[in-house]
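Values reported hereafter were calculated over all heavy atoms of this structure, with side chains retained and with hydrogens, waters and symmetry mates removed.
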Amino acid sequence: MKRQEDMEFFSRHLLEWYHRQKRDLPWRRSRDPYHIWVSEIMLQQTRVDTVIPYFNRFIGRFPTIESLAEAPEEEVLKCWEGLGYYSRARNLQHAARQVEDAYGGKVPDDREAVFGLKGVGPYTAGAILSIAFNRPEPAVDGNVMRVLSRFFLIEDDIAKAKTRVKMEGLAKELIPGGEASHFNQALMEHGALVCTPKSPRCLVCPVMERCAGRLAGRETTLPVKTKAKPPRPEARLAALVEGRGERAGRVLIRQRPSSGLLARMWELPHWPAPENDGAGGGAARPEDAAAMDRLRRSLAEAGISARPEEHFMAAEHTFSHIHWTLQVYRCREERLPLPMAAEARAPYAAQRTAVEAPAEASPPALFPAADSADPGAAPELFADEAGHAGERAEMRWIGREDMANYAFPNVFLKLLNAYFDQRDAAASGG
DNA sequence: AAATCGGGGGT
DNA sequence: ACCCCAGATTT
């Protein structure tokens with residue numbers, strides 16, 4: 001069924017098509033393996049059009065592996081802000097340090113070494129080896145599995161790991177001698193531009209006349225893939241705490257734990273919303289007084305003395321496996337602050353040495369402790385999503401201009417911008 | 001093998 | 001509203 005003749009036809013015509021149709025992409029203007037590497041990490045689960053501006057900014061900021069290895073992690077995360085899957089950014093920097101330490105600052109070109117880099121799996125290893133070094137290694141991603149499953153009418157479930165291994169065997173056989181770089185890119189380019197998931201453009205396909213899937217009328221039902229579970233809903237209450245006194249004009253943000261969801265990103269503080277008995281299943285209503293009281297208590301437990309004043313807005317955010325519904329409340333700091341303690345400051349400088357630094361220096365208190373009737377009631381530990389008691393949650397008061405120094409997930413970026421926009425409009429309007 | 005990790009664009 | 005994307009890592 002996959003006759004040698006069909007395989008040669010496929011490879012030859014795809015390669016010719018690629019030389020005519022390939023897009024002019026930033027990472028194709030360079031032969032620097034570092035550029036190829038960065039692009040491939042960014043392109044994991046992410047579309048080309050999304051990646052382009054991030055790639056250009058990233059290479060501008062970290063032009064060399066050395067510059068990336070030496071940068072503060074916060075700065076790398078800020079450069080990745082909005083791109084998602086933030087462990088990619090942290091793994092990439094970790095791998096840059098691996099390359100500096102173990103390979104003299106040059107991207108290695110053998111399979112074992114490349115595969116050993118943090119964040120580099122089967123696909124990315126093959127992509128780097130083939131695209132940057134023209135080694136005959138397969139680079140099988142979702143595009144490639146779709147294209148191959150159609151042309152060769154392969155009905156294996158592409159969600160299964162075994163299928164990827166099988167596809168890698170086939171993809172490697174298909175690489176024309178000395179053409180690994182162009183051919184692997186041709187395969188993916190074809191999947192992105194012609195052999196698309198829905199409505200494939202078979203009429204302009206260079207290999208349509210021998211496409212087994214098309215000839216069987218199966219081009220829209222292939223590839224076979226078991227569908228993912230829908231994300232579980234989570235209702236949460238978020239606080240936009242407005243500072244008073246010397247902190248007037250600033251709002252309170254906190255840093256997430258160093259592992260798990262959105263690791264080390266900054267956010268508005270938020271906690272699970274009380275379950276709504278009855279219909280609906282958990283989404284707090286904006287004007288719910290009980291929700292506001294719950295939020296006040298959550299704030300207090302985190303050592304934040306603030307009172308929810310009014311509903312600000314709702315926000316939705318979907319991850320791969322969780323769907324957040326956030327009800328955001330504008331809150332008023334209750335105590336008059338002492339002179340600025342935890343003032344907003346750029347987090348960059350201290351970051352790399354912070355790991356080695358002894359834990360003796362506790363961060364400055366966000367609120368004066370003396371006037372509390374119950375001094376022991378302000379816990380210093382931060383409980384994350386899973387309920388683990390984790391590291392101390394770092395908190396800062398920031399104004400709009402400080403947002404440039406902290407990396408936020410998009411949902412909080414939008415909330416903060418909406419808040420500052422609205423507040424400043426109200427101030428200038430009357 | 002299944003779950004965990006973002007976010008946006010296409011249909 | 002659902003699918004999927006130039007996937008890797010952890011459990």
For nucleotides [N] and [M], find the distance between their [atom1] atoms and express it as a whole number of Å.
N     : M     : atom1 : result
C:dC3 : B:dG6 : C1'   : 16 Å
B:dC5 : C:dC5 : C1'   : 15 Å
B:dG8 : C:dA8 : P     : 22 Å

Closer than 4.0 Å, any side-chain N/O of [X] to the OP1 or OP2 of [N]?
X        : N      : answer
A:Gln45  : C:dG7  : yes
A:Lys118 : C:dT10 : yes
A:His317 : B:dG6  : no

Considering only [options], which nucleotide approaches the side chain of [X] most closely?
X        : options              : value
A:Pro197 : C:dA6, B:dG7, C:dC4  : C:dC4
A:His321 : B:dC5, C:dA6, C:dC4  : B:dC5
A:Tyr123 : B:dG8, C:dG7, B:dG7  : C:dG7
A:Tyr86  : C:dC4, B:dG7, C:dA6  : B:dG7
A:Ser320 : B:dG6, B:dT4, C:dA6  : B:dG6
A:Asp141 : B:dC5, B:dG9, C:dG7  : C:dG7
A:Leu261 : B:dG7, B:dC5, C:dA6  : B:dC5
A:Tyr85  : B:dA1, B:dT11, B:dC5 : B:dC5
A:Gln44  : B:dG10, C:dA6, C:dG7 : C:dG7
A:Met188 : B:dG8, C:dC3, C:dA6  : C:dA6

Which whole-number value in Å describes the distance from [X] [atom1] to [N] [atom2]?
X        : N     : atom1 : atom2 : value
A:Trp324 : B:dG6 : CH2   : C1'   : 11 Å
A:Ile158 : C:dC4 : CD1   : C1'   : 9 Å
A:Leu43  : C:dA8 : CG    : P     : 12 Å
A:Phe408 : B:dG6 : CZ    : P     : 16 Å
A:Phe183 : C:dA6 : CZ    : P     : 16 Å
A:Tyr54  : C:dA6 : OH    : C1'   : 17 Å
A:Asn184 : C:dG7 : CG    : P     : 14 Å
A:Leu262 : B:dT4 : CG    : P     : 14 Å

Side-chain ion pair, [X] and [Y], N-O less than 4.0 Å:
X        : Y        : value
A:Lys162 : A:Asp157 : no
A:Arg297 : A:Asp293 : yes
A:Arg332 : A:Glu242 : no

**Q.** Comparing A:Lys198 and A:Gly119 on DNA chain C - which has the more 5′ nearest nucleotide
**A.** A:Lys198
**Q.** Passing option when A:Trp324 is tested against A:His317, A:His270, A:Glu234 for side chain to side chain donor-acceptor pair (under 3.5 Å)
**A.** A:Glu234
Q.
Out of the candidates A:Glu394, A:Glu74, A:Glu267, only one should pair with A:Gln255 under the side chain to side chain donor-acceptor pair (under 3.5 Å) rule; please name it.
A. A:Glu74
Q. B:dG8 base to A:Thr50 side chain: any donor-acceptor pair below 3.5 Å?
A. no
Q.
Should the side chain of A:Arg47 and the base of C:dC4 be counted as holding a donor-acceptor pair, with the cut-off at 3.5 Å?
A. yes
So [X], base contact, sugar-phosphate only, or nothing? Heavy-atom distance under 4.0 Å.
X        : value
A:Thr124 : sugar-phosphate
A:Arg146 : sugar-phosphate
A:Leu83  : base
A:Gly191 : nothing
A:Ser87  : nothing
A:Pro230 : nothing
A:Val144 : nothing
A:Leu25  : base

Q: Between A:Lys229 and A:Thr318, just flag the one whose closest nucleotide in DNA chain B comes earlier from the 5' side.
A: A:Lys229
(Q) With nearest nucleotide decided by heavy atoms, which residue, A:Lys160 or A:Met265, maps closer to the 5′ end of DNA chain B? (A) A:Lys160
Q: Check the angle between the aromatic planes of A:Tyr419 and A:Phe312 and answer parallel, tilted or perpendicular using the 30° and 60° thresholds.
A: perpendicular
Q: Determine whether the side chains of A:Ser320 and A:Tyr85 contain a donor N or O and an acceptor N or O closer than 3.5 Å.
A: yes
Q. Across all strands shown, which nucleotide pairs with B:dG6 by Watson-Crick or G-U wobble geometry, both distances under 3.5 Å?
A. none
Q.
To the closest 0.5 Å, what do you measure between CD (A:Glu40) and CG (A:Leu92)?
A. 12.0 Å
